[in-house]
Engineer: 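Mind looking over this structure? Questions follow.
What you see below is based on every heavy atom in this structure, not just the backbone, and it leaves out hydrogens, waters and symmetry mates. No experiment lies behind these values; they were computed from the predicted model shown.
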Amino acid sequence: MLDHGIKRTKIKELLLTGEVDREVVAKGWVRTKRESKNVIFITLNDGSTMHNLQVVVEPETIARDILDRIHTGAGLSVRGILIESPGAGQRVELKANDIILYGEADPEEYPLQPKKHSLEFLREKAHLRFRTNTFGAVTRVRHVMIFAIHKFFNDKGFYNIHSPIITGSDAEGAGEMFRVTILDPVKPPLNEKGEVDYSEDFFGKPTNLTVSGQLEAELAALAMSDVYTFGPTFRAENSNTSRHLAEFWMIEPEMAFYDIHDDMDLAEEMLKYLVKYSLDHCREDLDFLAKRLEDEEKNKKQEERSSMGLIEKLEFVLNNDFERITYTQAIDILMNSKPNKQKKFQFVIEKWGADMQSEHERYLVEKHFKKPVIITDYPREIKAFYMKQNADGKTVRAMDVLFPQIGEIIGGSQREEVLEKLRQRIREMHIPEETLWWYLETRKFGTVPHAGFGLGFERLMLFITGMGNIRDVIPFPRAPLNAEF
RNA sequence: UCCCCGAUAGCUCAGCUGGUUAGAGCGACUGACUGUUAAUCAGUAGGUCCCUGGUUCGAGUCCAGGUCGGGGAGCCA
């Protein structure tokens with residue numbers, strides 16, 4: 001678009017290069033306007049950076065009618081000369097010669113006024129919250145993390161696999177699924193028994209949205225060696241927490257010839273890579289989010305305040321090895337812990353085999369080790385059918401990576417590659433074997449040891465940005481009773 | 001799904017043991033002033049006190065049910 005006869009330059013570039021005394025065009029949305037007799041200041045943002053461009057207008061140069069209609073939220077194009085700023089606070093500013101007002105924003109109605117808004121309020125305005133500093137920063141960081149994930153795997157020779165979003169198998173066992181159907185919900189076709197006849201449905205059988213791409217990733221890994229998926233994942237659980245979504249994005253690498261230790265090494269290397277990448281490429285946005293978090297912490301009671309700032313927390317993860325312990329060791333630590341002995345835990349650990357609650361995970365990560373912890377070799381009874389069974393007959397080669405505040409950020413395992421052991425586990429868990437025939441054939445033909453894990457992308461985003469609610473790190477969160485926008 | 005808390009102006013909130021015209025700050029608007037930085041100062045407008053029912057002479061306030069939101073738990077990533 002050449003509305004002013006000159007190509008538009010993004011604000012990030014205008015501020016970065018700082019080449020003054022040249023004619024440029026900037027486009028964006030008004031954050032604030034300050035008006036006085038001899039000069040008007042318009043603060044413009046176009047999403048390319050946290051920072052705003054200060055547009056300076058001498059009232060007589062621009063039609064009064066236009067100036068009166070510019071308010072917070074309006075969309076404009078400004079042609080002018082980029083000059084050194086005489087004022088403090090910015091190096092350069094744009095002295096306007098011409099302004100095109102694309103769209104007004106009636107200040108009586110526009111919800112985002114130049115003041116602090118609560119995240120809860122902004123969640124209800126998800127269509128406009130991209131225009132706020134906080135959500136703009138989160139959006140930029142989110143993009144950089146998506147890119148870094150692909151770069152990490154690409155540099156290591158992994159292949160990205162698009163696993164299916166609609167699936168005919170409900171054997172993954174990772175949670176409640178969303179049904180996909182074109183049948184009439186009021187009058188579905190029925191069979192002789194009076195049940196819904198899915199042979200009449202689009203796929204000729206019941207289908208759902210995927211809860212995991214892992215099983216398909218395994219198929220690919222058992223030919224391509226190293227693969228990963230990065231796609232949307234759907235869980236129809238009635239989860240109402242700040243850490244769960246009904247629709248989220250998951251990264252699932254799957255590697256042939258990896259054992260559980262290789263798997264852990266990769267998980268740790270990847271998390272550190274992503275943290276470092278964010279510090280190297282999103283520093284301004286992270287500094288802003290750190291400041292935001294700090295201000296928020298000031299309103300908290302002393303004992304609830306976190307001991308580290310956002311940047312320190314990220315650097316801490318980067319500079320320390322994750323603690324690796326077995327489930328058995330974890331249970332020992334917990335059973336001998338003060339809160340357990342004094343019955344301070346809501347769920348007191350009494351014996352080996354108990355499932356760990358988040359209070360226990362939090363104790364290990366935040367109190368005992370004070371750093372990320374990887375727990376391995378869980379009792380087989382509390383883990384999925386596909387996990388590699390240990391020789392002790394009691395445990396499986398699972399690993400969970402636990403992070404402060406968010407808890408489980410990664411769940412993974414070495415996979416059971418021995419056909420008979422896998423079959424036996426499937427039967428014990430009453431999973432219909434025939435629905436997994438294709439999965440089992442990879443163990444029948446050229447099976448090899450392999451491993452993988454799942455990283456919840458929005459959980460990573462929580463950690464990187466320091467945001468407290470998962471609904472604020474994804475543009476349009478889907479959660480129970482919430483599918484607006 | 002369970003436990004706890006909340007819903008009052010556009011936003012964030014105050015409103016005592018029920019009492020007559022429901023308040024503040026911010027934002028918006030108007031004016032003054034100013035190379036300003038979420039400017040400053042003065043003024044103006046703005047309310048179905050979430051919904052339904054109940055108790056009462058009288059309900060923003062008390063009770064019951066519901067809806068929505070937040071925190072925690074479970075499920076998990």
Engineer: So what does Glu58(A) hit on the nucleic acid, given a heavy-atom distance under 4.0 Å: a base, only sugar-phosphate, or nothing?
Structural biologist: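 Nothing: the residue Glu58(A), judged by heavy atoms under 4.0 Å, touches no strand.
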Engineer: Can a side chain N or O of Asn38(A) be found less than 4.0 Å away from OP1 or OP2 on U36(B)?
Structural biologist: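 No, no such contact exists.
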Engineer: OP1, OP2 of G70(B) versus side-chain N and O of Ser242(A): anything below 4.0 Å?
Structural biologist: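 Checking Ser242(A) against G70(B): no side-chain N or O falls below 4.0 Å of OP1 or OP2.
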Engineer: Given G35(B), C75(B), A77(B), which nucleotide is nearest the side-chain atoms of Arg459(A)?
Structural biologist: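 Given the options G35(B), C75(B), A77(B), the side chain of Arg459(A) is closest to A77(B).
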Engineer: Which of the following nucleotides, A77(B), C11(B), A39(B), is nearest to the side chain of Arg235(A)?
Structural biologist: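 Ranking A77(B), C11(B), A39(B) by closest atom to the Arg235(A) side chain puts A77(B) first.
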Engineer: When the distance from CG of Asn240(A) to C1' of G74(B) is rounded to whole Å, what number comes out?
Structural biologist: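 In whole Å, G74(B) C1' lies 11 Å from Asn240(A) CG.
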Engineer: Give the intermediate values and the outcome of salt bridge (charged side-chain N to carboxylate O under 4.0 Å, His left out) for residues Glu268(A) and Lys371(A).
Structural biologist: CA-CA 12 Å; Glu268(A) 184 167 345; Lys371(A) 58 176 168 172; over 6 Å; no
Engineer: Run the salt bridge (charged side-chain N to carboxylate O under 4.0 Å, His left out) check on Lys125(A) and Glu120(A) step by step: do they pass?
Structural biologist: CA-CA 9 Å; Lys125(A) 311 281 176 214; Glu120(A) 291 84 1; over 6 Å; no
Engineer: I want to verify a distance call: between C11(B), C76(B), U36(B), whose nearest atom is closest to the Phe121(A) side chain?
Structural biologist: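 Taking heavy atoms from C-beta onward, the closest nucleotide is C11(B).
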Engineer: What contact category does Ile40(A) fall into here, base, sugar-phosphate, or nothing, at under 4.0 angstrom with non-hydrogen atoms?
Structural biologist: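 Counting heavy atoms under 4.0 Å across all strands, no contact is made by Ile40(A).
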Engineer: Side chain of Lys115(A) only, please: which of C75(B), G27(B), C29(B) is the nearest?
Structural biologist: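 Minimum distance to the Lys115(A) side chain belongs to G27(B).
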Engineer: Determine the Euclidean distance between corresponding P atoms of A14(B) and U36(B); express it in Å to zero decimal places.
Structural biologist: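 Their P atoms lie roughly 37 Å apart.
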Engineer: Out of U36(B), C76(B), C68(B), which has the shortest distance to the side chain of Gln54(A)?
Structural biologist: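 Output: U36(B).
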Engineer: Classify Ile251(A) by what it touches in the nucleic acid, base, sugar-phosphate, or nothing, heavy-atom distance under 4.0 Å.
Structural biologist: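 The residue Ile251(A) makes no contact with any strand.
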Engineer: Can you tell me if the side-chain N/O atoms of Ser358(A) get under 4.0 Å from OP1 or OP2 in G74(B)?
Structural biologist: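 True: Ser358(A) side-chain N/O within range (under 4.0 Å) of G74(B) OP1/OP2.
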Engineer: Are any of the side-chain nitrogens in Glu269(A) or Lys156(A) under 4.0 Å away from the carboxylate oxygens of its partner?
Structural biologist: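 Yes, charged N to carboxylate O under 4.0 Å.
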Engineer: Can you tell which of A28(B), U37(B), U12(B) lies closest to the side chain of Ser118(A)?
Structural biologist: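 Looking only at heavy atoms from C-beta outward on Ser118(A), the closest nucleotide is U12(B).
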Engineer: For the base of C76(B), is there a side-chain donor-acceptor partner from Ser239(A) under 3.5 Å away?
Structural biologist: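 Side chain to base: no pair present.
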Engineer: Using a cut-off of less than 4.0 Å, is there contact between a side-chain N or O of His71(A) and OP1 or OP2 of C29(B)?
Structural biologist: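 So the side chain of His71(A) is within the cut-off, an N or O lying under 4.0 Å from OP1 or OP2 of C29(B).
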Engineer: Would you mind classifying the nucleic acid contact of Ile410(A) as base, sugar-phosphate or nothing, using non-hydrogen atoms under 4.0 angstrom?
Structural biologist: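 Result for Ile410(A) = sugar-phosphate.
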Engineer: Does a nitrogen or oxygen in the side chain of Ser85(A) sit under 4.0 Å from OP1 or OP2 of G35(B)?
Structural biologist: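 No, Ser85(A) has no side-chain N/O under 4.0 Å of OP1/OP2 on G35(B).
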Engineer: For G72(B), does either OP1 or OP2 sit under 4.0 Å from a side-chain N or O belonging to Arg243(A)?
Structural biologist: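 Arg243(A) to G72(B) OP1/OP2: no side-chain N or O under 4.0 Å.
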Engineer: Report yes if a donor N or O on one partner sits less than 3.5 Å from an acceptor N or O on the other, where the partners are the side chain of His117(A) and the base of C11(B); otherwise report no.
Structural biologist: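 Counting by modelled atom types and ignoring angles, no donor-acceptor contact under 3.5 Å is found here.
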Engineer: Mind telling me whether Tyr439(A) and Phe385(A) have parallel, tilted or perpendicular rings, with 30° and 60° as the class edges?
Structural biologist: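 The arrangement is perpendicular - the two ring planes meet at more than 60°.
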Engineer: Filter on ring pair (Phe, Tyr, Trp, His ring centres under 6.0 Å), then keep only pairs touching residues 462-485 of chain A, sequence neighbours left out; what's left?
Structural biologist: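 Found His127(A)-Phe485(A), Phe130(A)-Phe476(A), Phe403(A)-Phe463(A).
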Engineer: If you compare every side-chain N and O of Lys37(A) against the phosphate oxygens of C33(B) (OP1, OP2), does one of them come in below 4.0 Å?
Structural biologist: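 Looking at the OP1 and OP2 atoms of C33(B), one of them is under 4.0 Å from a side-chain N or O of Lys37(A).
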Engineer: Looking at the side chain of Asn469(A), which of G74(B), A38(B), G71(B) is the nearest nucleotide?
Structural biologist: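 Among the listed nucleotides, the one closest to the side chain of Asn469(A) is G71(B).
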Engineer: From the list U12(B), U37(B), G27(B), which nucleotide is the closest neighbour of the side chain of Gln90(A)?
Structural biologist: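 Nearest to the side chain of Gln90(A) among the choices is U37(B).
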Engineer: Counting the atoms with a prime plus P, OP1 and OP2 as sugar-phosphate, which does Gly454(A) contact under 4.0 Å by heavy atoms, base, sugar-phosphate, or nothing?
Structural biologist: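 Result for Gly454(A) = sugar-phosphate.
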Engineer: The side chain of Gln357(A) lies closest to which of these nucleotides: A73(B), G70(B), U36(B)?
Structural biologist: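 Ranking A73(B), G70(B), U36(B) by closest atom to the Gln357(A) side chain puts A73(B) first.
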Engineer: Side chain of Pro107(A), heavy atoms from C-beta onward: which of C29(B), A77(B), C11(B) has the nearest atom to it?
Structural biologist: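 It is C29(B).
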Engineer: Could you check whether the side chain of Glu108(A) and the base of G27(B) have a donor-acceptor pair of N or O atoms closer than 3.5 Å, going by distance alone?
Structural biologist: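 Checked by distance alone, the answer is no.
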